Amino acid sequence: MSTSATPPASGAVSSSTADTNAAVRVRDLHKSYGELEVLRGIDLDVAAGEVVCLIGPSGSGKSTLLRCLNLLETPQSGSISVGGFTVTDPDLDVDAMRRRVGMVFQQFNLFPHLSVLENCTVAQVKVLKRPAAEAKRVALANLERVGLSEKADQRPAQLSGGQQQRVAIARALSMDPDLMLFDEPTSSLDPETVGDVLAIMRGLAADGMTMLVVTHEMSFARDVADRVVFMDGGVVVEQGPAREVIGSPQHQRTRTFLSRVL
Ligand code: ADP
Ligand code: MG
């Protein structure tokens with residue numbers, strides 16, 4: 001990793017250094033909830049354009065790690081940079097950083113009282129200050145991308161879980177993020193809608209989107225991820241090319257986990 005002090009031209013770096021090719025760079029990250037240390041010294045890199053799948057048993061700290069990346073949780077120590085932003089810098093412009101990072105949750109988190117289209121325009125207008133007509137154009141293009149432009153005027157409750165998750169993806173994409181974080185995006189879906197959501201994610205990966213995906217979908221990880229990171233007990237146990245980690249894991253803990261999910 002470069003330690004060059006030359007800031008990127010965007011001026012997004014508020015202090016410290018950043019590797020312009022690193023979309024995510026985490027070093028020695030520690031996070032506790034009270035007495036419970038959930039992240040116990042995490043190092044993680046995601047390069048621009050890379051797709052990384054984060055796997056591991058329930059409770060291993062995957063969601064906490066993702067939530068630390070956009071400061072939904074505040075870590076105790078360690079460093080995080082996301083894009084050009086040093087997330088762990090106390091002077092960070094949190095809103096500016098979050099604009100660059102899209103997040104898709106297990107439970108969609110759509111606004112129930114807004115239409116599908118409004119779900120995809122509201123943050124564009126409020127946060128990015130886009131004119132309403134432009135926000136609508138961008139939203140419709142992204143709804144088209146996830147195959148749901150004909151649902152634009154419906155409410156989330158009128159859609160299936162898989163359709164709601166595709167709207168959540170369209171909403172995140174409408175902010176033109178540099179990085180997409182997915183936290184078990186298919187875990188709460190009916191089996192017959194999982195494939196549609198994974199297909200959208202495959203398309204995003206093929207288009208070069210930088211993605212960090214927590215998932216139990218091992219076939220997705222094997223086919224789509226450039227790299228798989230296995231976490232257990234708040235540490236990264238092993239990582240490497242998807243086919244190596246899933247096909248011939250080096251650690252017993254990884255083998256035990258894979259034997260349960262494969
Ligand atoms: P994973 O996503 O891998 O299942 P999490 O990051 O959700 O793991 O949780 C890791 C551990 O942290 C678990 O023991 C969980 O109970 C605990 N935890 C998560 N969030 C909180 C919270 N807000 N307060 C207290 N404990 C939490
Ligand atoms: Mg989780």
Side-chain angles (χ1 to χ4, degrees), residues 24-46 51-80 82 87-88 94 97-98 101-110 161-162 164-165 168-169 172 177 179-191 193-194 197-198 201 210-222 224-225 227-240 242 245-246 249 251-262:
V24 175
R25 181 181 158 93
V26 175
R27 289 293 177 273
D28 199 24
L29 191 71
H30 290 258
K31 169 68 185 173
S32 301
Y33 295 109
E35 296 288 290
L36 179 67
E37 191 175 23
V38 172
L39 301 179
R40 301 188 294 130
I42 298 279
D43 292 340
L44 176 74
D45 291 280
V46 182
V51 178
V52 174
C53 280
L54 189 56
I55 64 172
S58 178
S60 56
K62 305 178 301 294
S63 294
T64 301
L65 174 57
L66 237 56
R67 293 167 60 80
C68 284
L69 294 181
N70 59 4
L71 276 191
L72 293 174
E73 300 288 351
T74 311
Q76 267 74 29
S77 65
S79 68
I80 302 173
V82 169
V87 174
T88 38
V94 178
M97 178 271 291
R98 288 199 183 132
V101 181
M103 185 143 179
V104 174
F105 301 87
Q106 188 174 334
Q107 297 298 341
F108 333 134
N109 295 356
L110 297 174
Q164 290 186 56
Q165 192 60 296
I169 293 171
L179 166 70
M180 288 282 285
L181 306 176
F182 292 87
D183 193 354
E184 298 199 34
T186 60
S187 291
S188 65
L189 301 181
D190 293 332
T193 68
V194 168
V197 172
L198 293 178
M201 294 170 64
T210 309
M211 296 163 60
L212 179 56
V213 183
V214 176
T215 187
H216 294 296
E217 296 285 341
M218 290 303 133
S219 59
F220 175 85
R222 187 164 33 208
V224 180
R227 199 147 46 81
V228 166
V229 176
F230 173 69
M231 271 179 74
D232 194 8
V235 297
V236 172
V237 174
E238 78 175 279
Q239 59 175 303
V245 173
I246 296 172
H251 289 258
Q252 185 56 44
R253 281 200 276 176
T254 320
R255 287 188 211 113
T256 303
F257 171 75
L258 289 170
S259 71
R260 291 196 188 115
V261 296
L262 281 176

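Order of appearance sets the numbers: ligands from 1, and atoms from 1 within every ligand. Note that the coordinates shown come from a computational prediction; the quantities given were computed from them, not determined experimentally.
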- Query: Can an N, O or S atom be found in Ser58 less than 2.8 Å away from the Mg ion (ligand 2)?
  - Reply: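 For Ser58, the answer is no, given that no N, O or S atom comes within less than 2.8 Å of the Mg ion (ligand 2).
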
Distance to 0.1 Å, residue and atom name: give those for the protein heavy atom nearest to [atom].
atom	answer
atom 8 (O) of ligand 1	Gly61 N, 3.2 Å
atom 7 (O) of ligand 1	Ser63 CB, 3.7 Å
atom 16 (O) of ligand 1	Leu36 CD2, 4.9 Å
atom 19 (C) of ligand 1	Tyr33 CE1, 3.4 Å
atom 12 (O) of ligand 1	Val38 CG2, 3.2 Å
atom 3 (O) of ligand 1	Lys62 NZ, 2.7 Å

- Thr64 neighbourhood, listing ligand 1 atoms whose heavy-atom distance to it stays under 4.0 Å: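 Near Thr64, the atoms of ligand 1 are 5 (P), 6 (O), 9 (O).
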
- Message: Within the 4.0 Å heavy-atom shell around Pro57, which atoms of ligand 1 are there?
- Response: 3 (O)

How about [X] and [Y]: do any of their side-chain heavy atoms sit closer than 4.5 Å?
X	Y	result
Ile42	Val236	yes
Val228	Ile55	yes
Met103	Arg67	yes
His251	Asp232	no

- Does the protein put a heavy atom under 4.0 Å from atom 1 (P) of ligand 1?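 Flag for atom 1 (P) of ligand 1 set to true, protein heavy atom closer than 4.0 Å.
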
- Would you say Gly59 has any N or O atom under 3.5 Å from an N or O of ligand 1, going by distance alone?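 Yes; the residue has a nitrogen or oxygen that sits under 3.5 Å from a nitrogen or oxygen of the ligand.
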
- Message: Let's go through Val224 and Met201 carefully: what are the C-alpha distance in whole Å and the side-chain angles of both, what is the deciding distance for side chain to side chain contact (heavy atoms under 4.5 Å, CB included) to 0.1 Å, and is it a yes or a no?
- Response: CA-CA 9 Å; Val224 180; Met201 294 170 64; over 6 Å; no

- What pair of heavy atoms forms the shortest contact from Leu212 to Leu44, and how long is it? CD2-CD2, 3.9 Å

- For Leu179 and Met211, the nearest pair of non-hydrogen atoms, with its separation, is CD1-N, 4.5 Å

- Message: Test your reading of the model: is there a side-chain donor-acceptor pair from Lys31 to the backbone of Gln76, 3.5 Å cut-off?
- Response: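 No.
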
- Among the heavy atoms of Ser60, does any lie under 4.0 Å from an atom of ligand 1?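 Yes.
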
